[in-house]
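All values reported here derive from a predicted model rather than from experimental measurement. Letters A, B, ... mirror the listed sequences (proteins, then strands); counts begin at 1.
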Amino acid sequence: MTEPLAPQYDPAQIEAPLYAWWQDQGLFRPEHAPAGLAAEPYVIMMPPPNVTAELHAGHGLNNTVQDVLVRFERMRGRRALWLPGTDHAGIATQNVVERLLAKEGMTRFDLGREAFVERVWSYVHRTGATILEQLKAIGCSADWSRTYFTLDEGLSRAVRETFVRLYEEGLVYRGHYIINWCPRCLTALSNEEAEKEETEGRLWHLRYPLADGSGSVVVATTRPETMLGDTAVAVHPDDERYRDLIGREIRLPLVDRPIPIVADDAVDPSFGSGAVKVTPAHDPADFEIGRRHHLPSIDVMTPEARMSLAAPERFQGLDRAEARRQVVAEFEAAGLLVKAEPHRHAVGHCYRCGTVIEPRLSEQWFVKMEPLARPALARYRDGTLQFIPERRGEDYARWLEGIRDWCISRQLWWGHRIPVWYCEAPGCGRTSVSRTDLERCPGCGGAVRQDDDVLDTWFSSWLVPFSSLGWPDRTDDLRTYYPGHTLVSAPEILFFWVARMIMSGIHMMGEVPYTRMYLHGTVRDTQHRKMSKSLGNGIDPLQVVERYGADALRYSLISGMSVGTDVILDPNDLESSFGPARNFANKLWNAGRFILSNLEGPPRPLAGGPAAVRRDELTLADRWIIARCEATVREATEAYERFRLNEAAAAVYRFIWSDLADWYIEQIKPRLYGDLPGGDVARAVATQTFDVALRLLHPVMPFVTEALWRRFPARPADASISVAPWPRPDHRAEDAAALREFGLVQELVGAIRGIRAEYGVQPGQPVRVVVSRDGGAPDPALGRERATVSRLAKVSELAFREPTERVGGHAVLSDGTSVFVPLGDAIDVGRECGRLSSEVDRLGQLVTSQEKKLGNVQFVSRAPADVVDRERQKLAGWREQREVLVRKRELLGCG
RNA sequence: GGGCGAAUAGCUCAGCUGGUUCAGAGCGCCUGCCUUACACGCAGGAUGUCGGGGGUUCGAAUCCCUCUUCGCCCACCA
């Protein structure tokens with residue numbers, strides 16, 4: 001049907017063409033589901049990568065997990081939609097372009113707002129969404145026809161609709177508060193964007209003299225430079241030490257300004273000196289104290305965090321760090337520095353550039369979060385929202401419980417402009433919030449000026465579960481694909497994105513956007529450090545694809561990850577990280593090549609396919625591999641359902657490599673070659689079980705499985721494994737007897753191989769084997785599988801009788817069957833005695849401890865009957881094995 | 001300061017509801033094989049006080065407590 005498989009597995013040859021073919025066929029569109037529109041939808045929203053992003057290992061993991069889930073559900077017949085998009089990423093993208101400008105010696109201010117935004121657009125258009133192309137290289141089956149960008153017209157409308165609606169509901173407001181300010185990006189940030197980091201700092205104790213010269217108060221601070229903006233000193237109202245000072249005045253050193261001493265409950269008398277300097281313009285807690293006591297706020301810093309005109313002249317223009325040094329120096333010179341002790345505390349850093357955050361008083365827009373958080377918390381408490389792993393749910397709940405209002409305005413140029421217009425007409429000054437652009441003031445008809453700020457990037461991404469489907473229009477897509485089902489995310493963006501999507505979903509759409517939140521781990525290096533560009537410890541997924549194939553990349557990521565734990569990879573040793581998965585793909589390739597090559601030739605009577613095989617035509621090995629296949633279907637399916645993707649992958653790996661390749665294929669060779677009858681049955685069974693295995697593995701290794709699957713006979717030209725039906729469990733395939741009997745055959749083969757290796761029998765040299773069993777005949781299965789044993793263990797004669805010779809290798813199977821390989825002079829009797837003795841000892845120990853266990857009245861009476869029964873059988877088995885070996889030892893004449 | 005996770009072979013990790021996967025896998029290591037699907041392979045082998053200590057139980061890698069080490073998240077004690 002198609003060209004024969006290349007003799008060598010080469011992912012570079014197969015992957016790109018297959019991906020192109022999938023796309024041509026439209027297989028990733030939900031409309032293509034085999035059951036069509038009747039099928040129940042299954043929706044995953046891709047966390048939109050930043051437009052400027054390059055694929056890194058974290059994207060690789062996150063998107064591989066999503067692809068596995070989506071492919072799994074697609075094969076199960078769901079109308080699967082994996083919706084991709086990119087995020088305009090306000091600060092991040094603006095920073096990138098600003099850095100480019102800097103190389104030309106320019107700043108954005110040189111260009112001006114409009115030209116700068118044009119510049120960013122052209123950059124975004126030029127680089128395109130590179131990352132989406134990169135996701136294709138790793139096999140992601142997203143519906144690219146629905147790809148969105150958060151600055152698209154549609155999504156921008158959604159942003160505006162949301163802003164206006166929340167404003168109308170009183171949930172969006174403008175206010176003058178302390179916010180987190182990045183002096184390098186020159187913008188406000190949300191609390192989540194200010195990353196707290198434990199820092200080794202200092203606690204300076206500064207002496208503030210009383211205005212009347214009658215004494216002084218010592219205050220403790222970690223940021224002495226802010227004292228230039230102090231407008232009070234606060235103490236606890238019940239603090240005996242300072243009671244008399246309340247209401248009196250301080251003469252603020254360096255500034256020489258009188259400030260009051262106030263009493264406030266927020267002061268902790270046990271910390272530092274128990275007295276606090278109050279700087280309402282530079283500290284959120286001080287801001288609150290300032291409000292309560294009607295203190296003025298003096299902002300002593302510029303947006304760039306240099307000392308402003310509000311500071312004494314000699315400090316003006318100094319950077320905050322220089323200002324700190326100078327303030328401390330002046331206190332010291334004046335004899336007012338009491339002490340400076342080491343002090344660990346958390347300092348906020350800008351999540352985009354790492355600059356130390358400056359708490360800054362300014363006018364910003366906020367979203368009132370409590371009313372949104374309450375129902376989002378309720379949906380978790382009532383079990384609607386399910387987190388995997390469960391403990392992540394508690395992180396979510398804790399965050400919602402302590403939620404603070406969300407600062408959404410950014411002093412940037414790249415993003416959604418805030419839809420607010422201010423009337424410039426004197427005497428009007430009306431503020432208008434509007435869904436459409438305004439030219440004139442709706443009140444007085446005067447000229448209006450739009451708010452300069454843009455919205456937080458996350459203000460658009462928190463809407464994607466519905467904005468990407470056409471909302472606020474009532475589109476078919478919205479009706480069909482909202483709400484979605486599973487969200488796959490890194491825990492890092494649980495608060496930024498996941499929790500906020502849940503809130504917006506409930507508020508704007510009336511329903512949570514997803515019910516299952518799967519939060520996977522982080523990709524780290526062997527020192528458990530997060531992979532990052534700056535550390536240079538990253539792994540480039542595309543390089544891995546090039547060298548090992550996308551399938552190997554995916555398999556490695558999936559198998560290295562159990563629920564919620566990190567994936568550790570060694571950037572310095574790609575071979576040990578990705579080699580094994582590549583080897584597995586190669587194994588698959590060769591097994592497929594072998595099976596397929598044996599299907600060629602003249603027409604077979606088995607044209608009806610595997611279904612035509614009659615039960616009574618099956619050999620033990622056939623029944624065994626079918627039963628193992630059945631067990632694997634159950635195991636893998638359940639594992640996928642429970643998000644235990646690594647276990648699903650491992651189950652299929654074991655089946656393919658350990659069962660199918662190592663045993664079944666080896667076992668059926670004589671039949672395939674015509675040396676034994678039953679070739680057609682073997683072909684049918686091999687084909688059927690391999691087909692099932694390919695389908696079970698397809699979500700993890702889509703390329704190699706497709707390449708092989710399509711080549712099986714009787715496949716229509718347009719058939720794709722990606723929409724092939726998921727294997728169904730079938731009770732009729734269960735076969736405990738076959739599992740037990742073939743297990744015994746495997747044991748026998750293993751025993752003989754072990755003896756051969758022990759005594760260095762040449763690989764080509766056949767041996768004779770004598771098998772017997774006390775008080776009866778060996779299991780009939782061993783007799784029936786004589787050919788299997790002979791082939792797999794290189795046995796020339798397999799006799800079932802009592803051994804007549806004395807010298808050789810001995811072994812015993814778990815059912816007490818005695819195995820003897822006569823080797824004559826080839827073996828050293830002493831050595832064999834040693835082998836037997838250590839085995840006898842081992843079994844003896846098992847027997848002893850088992851006897852003790854069963855001799856324990858408590859155990860026998862309290863453990864469940866079936867457990868006791870099993871333990872009895874174990875004991876009997878070990879006893880029998882031991883007796884057999886003891887007898888063998890005597891026979892050999894061991895000392 | 002609060003919350004959470006991890007510790008099992010030299011390395012990276014499985015081991016779920018205590019007892020049939022109970023001490024495992026892959027890599028690495030040792031021995032022997034280019035056996036006509038695969039040397040990216042085949043066969044065989046060695047290696048563990050399941051982090052320490054205590055407890056619950058007839059029975060603990062598994063449940064509880066505690067200690068140690070590492071990591072993560074949250075936090076306006078200046």
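Both the sub-6.0 Å distance and the 45° axial angle are not jointly satisfied by A:Lys587 relative to the ring of A:Tyr653.
Nearest to the side chain of A:Tyr673, among B:G3, B:A37, B:C58, sits B:A37. You'll find that the side chain of A:Lys669 is closest to B:A37, out of B:A78, B:A37, B:A75. For A:Pro763, counting side-chain heavy atoms from C-beta on, the closest listed nucleotide (B:C33, B:C40, B:A37) is B:C33. Side-chain atoms of A:Arg404 lie closest to B:C76 of the nucleotides B:A78, B:C58, B:C76. If you check B:A75, B:C38, B:A43 against the side chain of A:Asp662, the one that comes closest is B:A43. Checked against B:C74, B:A78, B:A37, the side chain of A:Thr222 finds its nearest nucleotide in B:A78. Closest to the side chain of A:Arg644, from the set B:G41, B:G15, B:A78, is B:G15. Closest approach to the A:Asn590 side chain among B:C38, B:C73, B:C72 is made by B:C38 (side chain taken as heavy atoms from C-beta onward). Of the candidate nucleotides B:C58, B:A78, B:C13, B:C13 has the atom nearest to the side chain of A:Ile568. Nearest to the side chain of A:Val867, among B:G15, B:C58, B:G19, sits B:G19.
Within 3.5 Å, no donor on the side chain of A:Glu666 pairs with an acceptor on the base of B:A43, nor the reverse. In this model, a side-chain donor or acceptor of A:Arg642 finds a partner on the base of B:C16 within 3.5 Å. Side-chain atoms of A:Arg391 and base atoms of B:C4 include no donor and acceptor less than 3.5 Å apart. Judged by atom type and distance alone, A:Glu198 reaches the base of B:A75 through a side-chain donor-acceptor pair under 3.5 Å.
At a threshold of 4.0 Å, the pair A:Glu635-A:Arg628 does not count as salt-bridged, since none of the basic side-chain nitrogens sits closer than that to a carboxylate oxygen. Taking the charged nitrogens against the carboxylate oxygens, A:Glu225 and A:Arg320 have no contact shorter than 4.0 Å, which rules out a salt bridge. Ion pairing between a basic and an acidic side chain is recognised when a charged N comes within 4.0 Å of a carboxylate O; A:Arg642 and A:Glu638 show such pairing.
As judged by a 4.0 angstrom heavy-atom cut-off over every strand, A:Glu575 is placed among residues making no nucleic acid contact. Base contact: A:Ala661 has a heavy atom under 4.0 Å from a base atom.
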Quick one: what's the B/S/- string for nucleotides 25-31 of chain B, heavy-atom cutoff under 4.0 Å, read 5' to 3'?
-> -SS----
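Rounded to whole Å, the distance from NE2 on A:His345 to C1' on B:G1 is 15 Å.
In this structure, A:Pro224 and A:Leu206 approach most closely via the heavy-atom pair CB-CD1, 4.4 Å. When all heavy atoms of A:Ser556 and A:Ser577 are compared, the closest pair comes out as OG-O, 3.3 Å.
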Dot-bracket line, read 5' to 3' along RNA chain B, where crossing pairs take [ ] and | marks a partner on another strand, Watson-Crick or G-U under 3.5 Å | (((((((..((((.....[....)))).(((((.......))))).....(((((..]....))))))))))))....
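Using P as the reference atom, B:U62 and B:U8 are 14 Å apart when rounded to the nearest Å.
With A:His293 contributing its side chain and A:Ala263 its backbone, the two residues share a donor-acceptor pair below 3.5 Å.
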